[in-house]
Protein chains: 2
Amino acid sequence: MTQPKRYLNIVSEMRDMIREQNIRPGDRIPSERELAEKLAVGRSTIREALRSLELLGLIETRRGEGTFLTDPGKHRLVELLATFILQDTKTLEDIRETMCIHETAAIQAICSSEAWKLPVWQSLRERLDGHEFIREDFVRELMVLSGNRLSLKIWFLLKQYGGNPYDGEASLEEKALLKNILLAIEQQDGQTAIREFKTWSSVLIKGENA
Amino acid sequence: MTQPKRYLNIVSEMRDMIREQNIRPGDRIPSERELAEKLAVGRSTIREALRSLELLGLIETRRGEGTFLTDPGKHRLVELLATFILQDTKTLEDIRETMCIHETAAIQAICSSEAWKLPVWQSLRERLDGHEFIREDFVRELMVLSGNRLSLKIWFLLKQYGGNPYDGEASLEEKALLKNILLAIEQQDGQTAIREFKTWSSVLIKGENA
DNA sequence: TTTTGAAAGTGGTCTGACCACTAATCCTTC
DNA sequence: GAAGGATTAGTGGTCAGACCACTTTCAAAA
């Protein structure tokens, strides 16, 4: 039986300590040596926990002064980052909405570019005529063609955590709709393309709940 | 003159090493003792860097076996965070653009909601008349009012790792512009609001490079 | 051939020792 | 008494060495 890693417990214990002692952002937290003694672990273990929290932006260390909770001004950056990293609350609705934000932004970006002149674009059109067409391929191609790789990565991430609404093959009706979207993009009519896309997307999500 | 933190350099150096030696996700990276010798630092320093990367999910350590690059096939979060942490300058542009995607989406969402009827909204308007107004407050309030907490969190992350273009106080001209944006939102004129916002934002980013 | 167990290598942790830096304190000097 | 400078205690940053727990490997024993 492998022991759980100590420094991860330290992270939790420190969070509790911060809450119990009501340490506010900007305040100083106990020194490394103090923490080591109080939590009955070596100083190096404490430091490993602290360095993790520091890279996450939760604390700030100043040589000769001490370690401080990051002062985010009035906003609660600490909480937010913590909940994000620790994956506490992720409302499915928010995930879906955020995916949609990136998808529509991608469509808009393609309209403003000339990406639809690329060979990949033709290839996508042709695949839409084939008899096997995975829905996800369509959206992913759009994300790729948007040219924003970071946005693409975030989209991948959201898809993983939020469940993939684009699972499975597209029906005949869907393929017709998707072709219309491509057409609208070629005509640089972003509004129409996005409207049609949202129609398709919302049907999928509703069908998922049924 | 304060020395920069060593373990942060280690993070960068390790990135270079991984690229040069073409270590792929899932592969094993050199042992802690090896790294310590090769980079001419103590093992504890290496460990502090590794623990940070581990909490971020970039690497995975197995006692008795070694340390491995996390396979991003299952955890896309890895790639995402890697992009942030490793601060590839090529992606700065993507980060800014992605921030903008979330910002404009927030404005659009507020227009479609009734969030501008809330007391917070009035408070924001009044603060714009004060003589000290931090730019970031404006954008952050918009992100909060959008109601999408996940989008807000992502925005925070991007701001932290991509550098904050909204640092400092707004000038008189800027405040007038921001008031116009609020006005457009109240009239549910998303297009105008977003256009004005992008104007403001792009000026800030250009000024940053100067 | 199969089994076993010793050895080597790895991450996990602790200790104690320096160094670099900061801030409070004390002491000299005016 | 006030101002300025040196001292000192406390802090984070780093290092070296020592164990421990665990995994893999491989050679010796059955």
Side-chain angles (χ1 to χ4, degrees), chain A residues 1-18 21 23-71 78, chain B residues 1-18 21 23-71 75 78 85:
Chain A
M1 181 58 172
T2 301
Q3 300 263 350
K5 321 220 163 173
R6 206 99 101 140
Y7 88 97
L8 284 178
N9 289 41
I10 300 297
V11 171
S12 310
E13 289 189 40
M14 284 187 48
R15 188 193 46 190
D16 295 342
M17 175 183 293
I18 287 170
Q21 303 189 6
I23 300 178
R24 319 263 318 182
D27 288 353
R28 188 173 159 280
I29 67 179
S31 74
E32 299 179 350
R33 291 168 176 86
E34 242 176 289
L35 286 172
E37 190 181 3
K38 195 161 294 185
L39 301 179
V41 297
R43 190 181 156 214
S44 51
T45 302
I46 292 290
R47 281 185 63 81
E48 292 186 10
L50 289 178
R51 290 297 77 71
S52 302
L53 295 177
E54 186 182 24
L55 195 56
L56 286 176
L58 301 179
I59 62 174
E60 183 183 344
T61 57
R62 295 200 280 271
R63 191 199 209 114
E65 296 182 57
T67 304
F68 302 82
L69 273 197
T70 302
D71 185 0
V78 175
Chain B
M1 180 60 163
T2 300
Q3 299 269 345
K5 321 221 163 170
R6 203 98 130 188
Y7 87 97
L8 284 178
N9 288 40
I10 300 297
V11 171
S12 309
E13 291 189 39
M14 284 186 49
R15 177 200 54 184
D16 295 341
M17 175 180 294
I18 287 169
Q21 303 189 5
I23 301 178
R24 320 246 342 186
D27 287 353
R28 189 173 157 279
I29 68 179
S31 75
E32 298 178 350
R33 291 168 176 85
E34 240 176 293
L35 286 172
E37 190 181 2
K38 194 160 295 183
L39 301 180
V41 297
R43 189 179 157 213
S44 51
T45 302
I46 292 290
R47 280 186 64 81
E48 291 187 10
L50 290 179
R51 290 298 76 71
S52 303
L53 297 178
E54 186 183 23
L55 192 60
L56 287 175
L58 300 179
I59 60 174
E60 185 182 342
T61 58
R62 296 200 279 271
R63 193 198 209 116
E65 296 182 56
T67 304
F68 302 82
L69 274 198
T70 304
D71 185 357
H75 306 288
V78 171
I85 300 305

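Chain letters run A, B, ... following the sequence lines, proteins first, then strands; residues in each count from 1.
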Exercise for review: Mind checking A:G42 for me? I need base, sugar-phosphate or nothing, with any heavy atom below 4.0 Å counting as a touch.
Suggested key: sugar-phosphate
Revision key, fill the gap. Comparing nearest nucleotides in DNA chain D, the 5'-proximal residue of the pair A:S44, A:T67 is A:T67
Practice item. Select one nucleotide: of D:dG12, C:dT10, C:dG11, the one nearest the side-chain heavy atoms of B:R28. Key: C:dT10
Review point. Atom CD of A:E37 and atom P of C:dT13: how far apart are they, to the nearest Å?
Key: 19 Å
Exercise for review: Take B:T45 and B:L39, measure what side-chain contact (heavy atoms from CB on, under 4.5 Å) needs, and give me the verdict at the end.
Suggested key: CA-CA 10 Å; B:T45 302; B:L39 301 180; over 6 Å; no
Point to revise | B:E48 side-chain proximity, nearest of C:dG11, D:dT14, C:dC18 | key: D:dT14
**Study point:** Protein-nucleotide distance (B:E60, atom CD; D:dC22, atom P), rounded to Å
**Key:** 18 Å
Exercise for review: Indicate, yes or no, whether a donor-acceptor pair under 3.5 Å links the base of C:dG12 to the side chain of B:R62.
Suggested key: no
Review point. Distance check: side-chain N/O of B:R43 vs OP1/OP2 of D:dA16, anything under 4.0 Å?
Key: no
Revision key, fill the gap. Rounded to whole Å, the CZ-P distance (B:R63 to D:dT24) equals 14 Å
Study note, to complete from the structure: Looking only at heavy atoms, the pair that brings A:G66 and A:R28 closest together is CA-NE, 4.0 Å
**Study point:** Presence of B:T45 side-chain N/O under 4.0 Å of D:dG13 phosphate oxygens OP1/OP2
**Key:** no
Revision key, fill the gap. Between CZ of A:R47 and C1' of D:dC15 the distance, given in whole Å, is 11 Å
Review point. Counting only distance, no hydrogens or angles, is the base of C:dG9 paired donor-acceptor with the side chain of B:R33 under 3.5 Å?
Key: no
Practice item. Could you pull out the closest heavy-atom pair between A:I59 and A:L50, with the gap in Å? Key: CD1-O, 3.3 Å
**Study point:** B:L39 CG to D:dA16 P, straight-line distance once rounded to whole Å
**Key:** 13 Å
Check your understanding: What heavy-atom pair brings B:E54 and B:T61 nearest, and what distance separates the two atoms?
Key -> OE2-OG1, 2.9 Å
Exercise for review: Round to the nearest Å and state the distance from B:I29 atom CD1 to C:dG9 atom P.
Suggested key: 19 Å
Review point. Please give, in whole Å, the distance from D:dA21 P to B:E65 CD?
Key: 18 Å
Check your understanding: Any ion pair linking B:E48 and B:R51 (charged N to carboxylate O, less than 4.0 Å)?
Key -> no
Exercise for review: Ignoring backbone atoms, test whether B:R51 places a side-chain nitrogen or oxygen under 4.0 Å from the OP1 or OP2 oxygen of C:dG12.
Suggested key: yes
Point to revise | Per A:T61 side chain, nearest of listed nucleotides D:dG12, D:dT24, D:dC15 | key: D:dG12
Exercise for review: Using whole Å, report how far CD1 of A:I46 lies from P of D:dT11.
Suggested key: 14 Å
